[in-house]
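Following: one structure in structure tokens, then a few remarks.
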Amino acid sequence: MTLISIAAKGGWLMLVLLIISIIAIAIIIERLVKMKKAAIPNDRFLNDIKECMDNGQAEKGIKICASYPENPLANVLAKGIDASTISVEEAERVIDTTAKSEVHKLEKNLGGLATIAAIAPLIGFLGTVTGMVKVFMNIEMTGGGVDISLLAQGIWEALLTTVGGLTVGIIAILFYNYIVGRIENLAREIEDFTNHFLLDIRRKR
């Protein structure tokens, strides 16, 4: 028996689990790619931004940030540099708003991944319960005459959905927690960098 043929014996709920597992994998890959692009740029980027602010070259600093269009810190600093020409208070407000928006973007689709992690085991248990109901219905239809081999086959086929559901759920929750942890760390790093940025602006004023 191949893995596919074994999974097929789990019934139509195994197809449901297959579909949501594909969705989960798509979300995981898309978020991991996004997180890679969102990593804090190298020290050269940060030094260039500091140099621009020290020399009063706000436009040059914004252009440097624009070269990292998918990076949250670069987007936050670009808005902060632009607002700093008005006032420190305005820069602080804009940075706070932009940082929250960027973190929200990083969390995109994670709700779907969390939902899959929660419902996959339940779908598996549902498949097992309905499978066991069919087993006992067949026993009743045969008048109580039980073929042990057929009974065992019916039970393990029913348990397949539980195995499938738990597998999908465990993988989904592991990646969900990993990605959430990465986002929290990145949010703290953004906060640290922007605090230093605002502190430098205040010193110059």
Side-chain angles (χ1 to χ4, degrees), residues 1-40 69-73 75 98-191:
M1 273 190 187
T2 64
L3 186 62
I4 295 176
S5 63
I6 293 174
K9 290 182 176 294
W12 65 272
L13 284 174
M14 286 295 287
L15 178 60
V16 175
L17 288 172
L18 174 62
I19 293 172
I20 66 173
S21 68
I22 292 173
I23 295 172
I25 291 171
I27 293 173
I28 290 168
I29 293 174
E30 187 269 339
R31 285 295 89 189
L32 289 178
V33 171
K34 180 67 176 177
M35 292 305 301
K36 185 177 181 180
K37 294 179 179 179
I40 298 297
E70 295 189 59
N71 187 272
L73 178 59
N75 293 337
T98 307
K100 288 178 181 178
S101 175
E102 291 295 326
V103 171
H104 181 69
K105 290 177 184 177
L106 293 175
E107 294 172 342
K108 180 183 177 183
N109 294 328
L110 285 184
L113 188 59
T115 300
I116 289 173
I119 68 170
L122 297 179
I123 293 174
F125 292 143
L126 176 61
T128 295
V129 171
T130 56
M132 293 301 294
V133 169
K134 291 178 182 177
V135 168
F136 286 108
M137 286 177 64
N138 290 334
I139 292 174
E140 182 183 21
M141 290 173 61
T142 57
V146 180
D147 184 329
I148 297 300
S149 62
L150 291 177
L151 178 61
Q153 180 181 351
I155 292 173
W156 73 255
E157 287 181 2
L159 290 172
L160 279 175
T161 53
T162 294
V163 174
L166 289 173
T167 301
V168 174
I170 289 170
I171 292 173
I173 196 65
L174 285 175
F175 275 100
Y176 172 82
N177 287 332
Y178 170 73
I179 295 171
V180 167
R182 288 274 303 273
I183 292 173
E184 289 176 349
N185 289 336
L186 184 60
R188 283 194 292 270
E189 291 178 336
I190 291 174
E191 184 178 6

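Quick note: numbers below take in every heavy atom, side chains included, and nothing from hydrogens, waters or symmetry partners.
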Worksheet item: With a 4.0 Å cut-off, would you call Arg188 and Glu191 a salt bridge?
Response: no

Worksheet item: Could you give the distance from CG (Asn185) to CD1 (Ile190), rounded to the nearest 0.5 Å?
Response: 11.0 Å

Worksheet entry | Taking every non-hydrogen atom, the tightest pair across Lys34 and Glu70 | NZ-O, 4.1 Å

Item to complete: To the nearest 0.5 angstrom, please state how far the CD1 atom of Ile27 sits from the CD1 atom of Ile22.
Response: 12.5 Å

Item to complete: Would you check if the side chain of Thr161 reaches a backbone N or O of Thr128 as a donor-acceptor pair within less than 3.5 Å?
Response: yes

Fill in: Minimal non-hydrogen separation, Ala118 against Leu122, with atom names
O-CG, 3.6 Å

Worksheet item: Hey, are the side chains of Tyr176 and Ile28 touching, using non-hydrogen atoms and a 4.5 Å cut-off?
Response: no

Worksheet entry | Closest approach of Met35 to Ile183 (non-hydrogen atoms, all atoms of both residues) | SD-CG1, 3.7 Å

Worksheet entry | Closest non-hydrogen atom pair between Val168 and Leu17, with its separation | CG2-O, 4.2 Å

Worksheet entry | Side chain to side chain, Ile179 and Arg182, heavy atoms closer than 4.5 Å | no

Worksheet item: Roughly how far, to the nearest 0.5 Å, is the CG atom of Leu159 from the CG atom of Leu166?
Response: 10.5 Å

Item to complete: For the pair Arg31 (side chain) and Asn109 (backbone), establish whether a donor and an acceptor sit closer than 3.5 Å, ignoring hydrogens and angles.
Response: no

Worksheet item: Looking only at heavy atoms, which two atoms of Ile116 and Ala172 are closest? And how far apart?
Response: CG2-CB, 4.3 Å

Worksheet entry | Considering all heavy atoms, the nearest Leu113-Phe175 contact | CD2-C, 4.4 Å

Worksheet item: Do side-chain atoms of Asn75 reach the backbone of Glu102 as a donor and acceptor pair under 3.5 angstrom?
Response: no

